[in-house]
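Encoded as structure tokens, the structure appears first; notes follow it.
Nothing here was measured: the structure is a model prediction, and the numbers come from that model. Atoms within a ligand are numbered from 1 in the order they appear, just like the ligands themselves.
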Amino acid sequence: MGDLFLLIVGVQGSGKGTQAAHLTERYGIPHVSTGDLFRAMRTRSDPLAQRIQAEMAAGKLIDDATTNEVLKDRLEQSDAAHGALLDGYPRNLVQAQFLTDYLASRGQKLNAVLQLELDLYTAFKRSFGRATSKDGRAYNYYNKSEGVSWLVEQDPDKEFPPRLIGTLDTTGEVLNRRPDDANAFGVIERIEKFLSETQPVLPYYQALGLVRSVDASLSIDEVRDRLVEIVEDVR
Ligand code: AMP
């Protein structure tokens, strides 16, 4: 079986996490997210880890030299010898070129860039409308609401968007909303950040003919099947 290096790109709400988990399991490759690698350094107290923590907290990108080094260290581990699913990297052309050169130095290359395409309003609704029950089921104010009653509570001063409160009809359980989903401004900020940090690398990969797009407004299963078709095609 040949090597399989993939890059997955998708806005908040595109189902990137779900699809990434499926692909890594199906193809036995590690999920390599530079964001996760940096977050894992939080428990370290050395100067490098401290600096990274401060920059992440300020919402800044980590410098390319550090990021490339962290990525290279991760790809040097044995589980990534024949492939990986990259997520959150590269974020700019310097990183993209580094990845190309680094893989070439190993006699390998990126097989495809998997782009989960979603219009931004749907992306917003998927995050802002999301709520989960204690048993882990997902509901959404905008579409998947059977068995749930929604209360839309206006902010008294109308300074903030309304609060969405979902209650399960059967048990009266109040659904949980992640604080970062409940914050409409935060959701939009994350979408904007995705656009500004990811768009710049797409033309680079388009020019190499590597970008394969899937309509992420389809169901999880449909998106999954299309991604598998693409991977089968490129490996
Ligand atoms: P993420 O989970 O991908 O949104 O990443 C969280 C944070 O980690 C980002 O806001 C950056 O501070 C940092 N980070 C992750 N990946 C990169 C990257 N490829 N280049 C620079 N900084 C990154």
Here's a test for you: under side chain to side chain contact (heavy atoms under 4.5 Å, CB included), which of V148, I165, V152, L175 qualifies with Y141? V152
Side-chain contact, heavy-atom cut-off 4.5 Å: [X] with [Y]?
{"X": "L210", "Y": "N111", "value": "no"}
{"X": "V214", "Y": "L114", "value": "no"}
{"X": "Y139", "Y": "R177", "value": "no"}
{"X": "R224", "Y": "L227", "value": "no"}

Return the closest protein heavy atom for [atom] as residue, atom name and distance.
{"atom": "atom 1 (P) of ligand 1", "value": "R91 NH2, 3.5 Å"}
{"atom": "atom 23 (C) of ligand 1", "value": "F38 CE1, 3.6 Å"}
{"atom": "atom 17 (C) of ligand 1", "value": "T34 OG1, 3.5 Å"}
{"atom": "atom 12 (O) of ligand 1", "value": "K60 O, 2.5 Å"}

Do any N/O atoms on P90 end up under 3.5 angstrom from N/O atoms on ligand 1?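 P90 vs ligand 1: no N/O contact under 3.5 Å.
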Any nitrogen or oxygen of E55, main chain or side chain, under 3.5 Å from a nitrogen or oxygen of ligand 1? no
Quick one: does ligand 1 sit under 4.0 Å from the side chain of R39, the backbone, both or neither, non-hydrogen atoms only? side chain
So for I62 against ligand 1, with non-hydrogen atoms under 4.0 Å, the contacting part is both
Ligand-side contact atoms (ligand 1) for residue partner T67, heavy atom cut-off under 4.0 Å: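 Here the atoms of ligand 1 in question are 18 (C), 19 (N), 20 (N), 21 (C).
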Proximal atoms of ligand 1 relative to Q95 (non-hydrogen, under 4.0 Å):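 The atoms of ligand 1 under 4.0 Å from a heavy atom of Q95 are 18 (C), 19 (N), 20 (N), 21 (C).
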Give a yes-or-no answer on whether the side chains of Q97 and Y204 include a donor-acceptor pair shorter than 3.5 Å. yes
Scanning both residues in full, the closest heavy-atom pair of F128 with P161 reads CZ-CB, 4.4 Å
Can you check which of K193, M56, E197, Q12 brings a heavy atom nearest to atom 10 (O) of ligand 1?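 Comparing heavy atoms across K193, M56, E197, Q12, the nearest one to atom 10 (O) of ligand 1 lies in K193.
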Please determine if R74 forms a cation-pi arrangement with Y89, meaning its NZ or CZ atom is less than 6.0 Å from the six-membered ring centre and no more than 45° off the ring axis.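 No, R74 does not sit over the ring of Y89.
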